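Keep in mind that this is a model prediction, so the values were computed, not measured. The chain is numbered in sequence order, starting from 1. Any value given below was found using the heavy atoms of this structure, including those in side chains, with hydrogens, waters and symmetry copies removed.
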Amino acid sequence: MTTQATPQTTGVPGDATDDSVTNGGPADRSGSERAAGDPVEALLDRLASLPSLMVAFSGGADSAFLLAAAVRALGPDRVEAATAVSPSLPRSELDRAREFTAGLGVAHHAPATDELSREGYRANAGDRCFFCKTELMSVVGPLAAARGVAAVATGTNADDLRAGFRPGIRAAADAGAITPLADAGLTKTAIRAVSKAWGLSTWDKPAAACLASRIAYGVEVTADGLERVAAAERSLRRALAEAAIPVRNLRVRDLGDDTAKIEIDAELVAAVADRPGVLAAVEGFASVRLDERGFRSGAMNELLPDPERYR
């Protein structure tokens, strides 16, 4: 394997606690929710109007906040969570999801999904997320119905709608999922702020997109490819920890042609560039590059020649 510690620009661009928060039923909305402003109040009112709700729970900050808000509005007995299990989900994310839902006292399901059975997902064009979300809803929707749960919600926020490039949002909407956070106008910044006020452990959790988002568009998604990326990220995190480099956001991007591009927090790029041995920890690829621009959520979208066709 060859590694390049010098930052590269070539290659495919990547992607005071409220004590009523974590457990129990509906909370008095005269406290932190009102202080946060109308969007939170609108969210809780919307959720309270539902007979029951199943949250498609990825374990990220958005869906965690939605789940906690649903417990406040409806009580834990009328709220359930479903975390899809597939090769695109790191095992550690499932463990954290289980821990979080247990703290809220809601039923947690971990149904298996099979995105790899869908040709459009494997082909990995710009609309890959459409096929992923279609598969998710084909499993979670029937699960909710079988459980007698009235609605399924995703953690889509207001920023996601403005981003404009979200094929998965369209797929979930087509399947009847609701988007309470986006409908209330809640942005990622607001969600993190209120999550912190509520004492949620996920308030500052880094973005954790599925493993398929690490694979460049046009490179076929396979179970082996997903595991290669996951293993590379685990090895790199260990190497960074041993080098006392406190990384927060990290991606190993599979560019095809047996080449990986590393994205880390922008302020750490120089430190990693000065430690070429760290990149040597990324196994499974013939060549490894360090992106001097650092981590960017959704960075793989930058190379799409015609992103408008997938909006």
Please answer whether the main-chain N or O of [Y] pairs with a side-chain N or O of [X] as donor and acceptor at a distance below 3.5 Å.
{"X": "Thr202", "Y": "Gly60", "answer": "no"}
{"X": "Asn249", "Y": "Phe295", "answer": "no"}
{"X": "Lys205", "Y": "Gly59", "answer": "yes"}
{"X": "Arg78", "Y": "Leu53", "answer": "no"}
{"X": "Glu80", "Y": "Ala107", "answer": "no"}
{"X": "Arg192", "Y": "Trp203", "answer": "yes"}
{"X": "Thr156", "Y": "Ala182", "answer": "no"}

Aromatic plane relationship, His108 with Phe57 - under 30° parallel, 30 to 60° tilted, over 60° perpendicular: perpendicular
Worked verdict on Leu255 versus Arg289 for side chain to side chain contact (heavy atoms under 4.5 Å, CB included): CA-CA 10 Å; Leu255 306 184; Arg289 304 172 180 172; 4.1 Å; yes
Rounded distance [0.5 Å steps], OG in Ser213 versus CG in Asn124: 10.0 Å
Within-4.5 Å side-chain heavy-atom neighbours: Glu135 and Asp114: yes
Pro90 side chain near Leu211 side chain, heavy-atom distance below 4.5 Å: yes
Contacts of type side-chain hydrogen bond (donor to acceptor under 3.5 Å, both in side chains), residue Thr101, not counting sequence neighbours: none
Under-4.0 Å salt bridge between [X] and [Y]:
{"X": "Glu267", "Y": "Arg248", "answer": "no"}
{"X": "Arg251", "Y": "Asp291", "answer": "no"}
{"X": "Arg118", "Y": "Glu115", "answer": "no"}
{"X": "Lys188", "Y": "Asp62", "answer": "yes"}

Where [X] and [Y] come nearest, the two heavy atoms and their spacing:
{"X": "Ala69", "Y": "Leu44", "result": "O-CD2, 3.5 Å"}
{"X": "Leu186", "Y": "Asn157", "result": "O-CB, 3.3 Å"}
{"X": "Ala158", "Y": "Gly185", "result": "CB-C, 3.7 Å"}
{"X": "Leu136", "Y": "Ala56", "result": "CD2-CB, 4.3 Å"}
{"X": "Gly256", "Y": "Val219", "result": "CA-CG2, 3.9 Å"}
{"X": "Ala177", "Y": "Thr154", "result": "CB-CG2, 4.0 Å"}

CA sep, side-chain torsions, deciding dist, call: Thr189, Thr187, side-chain hydrogen bond (donor to acceptor under 3.5 Å, both in side chains): CA-CA 5 Å; Thr189 298; Thr187 64; 4.8 Å; no
Indicate every side-chain donor-acceptor pair of residues 223-233 with a distance under 3.5 Å to a residue at least two apart or in another chain.
| residue | atom | partner | partner atom | Å |
| --- | --- | --- | --- | --- |
| Glu227 | OE2 | Arg234 | NH2 | 2.9 |
| Arg228 | NH1 | Asp258 | OD1 | 2.8 |
| Arg228 | NH1 | Gly284 | O | 2.7 |
| Arg228 | NH2 | Asp254 | OD2 | 3.2 |
| Glu233 | OE1 | Arg214 | NH2 | 3.1 |
| Glu233 | OE2 | Arg214 | NE | 2.8 |
| Glu233 | OE2 | Val252 | N | 3.0 |

Pair Ser235-Glu283, side-chain donor/acceptor within less than 3.5 Å: no
Check: Glu220/Thr222 side-chain N/O donor and acceptor closer than 3.5 Å: no
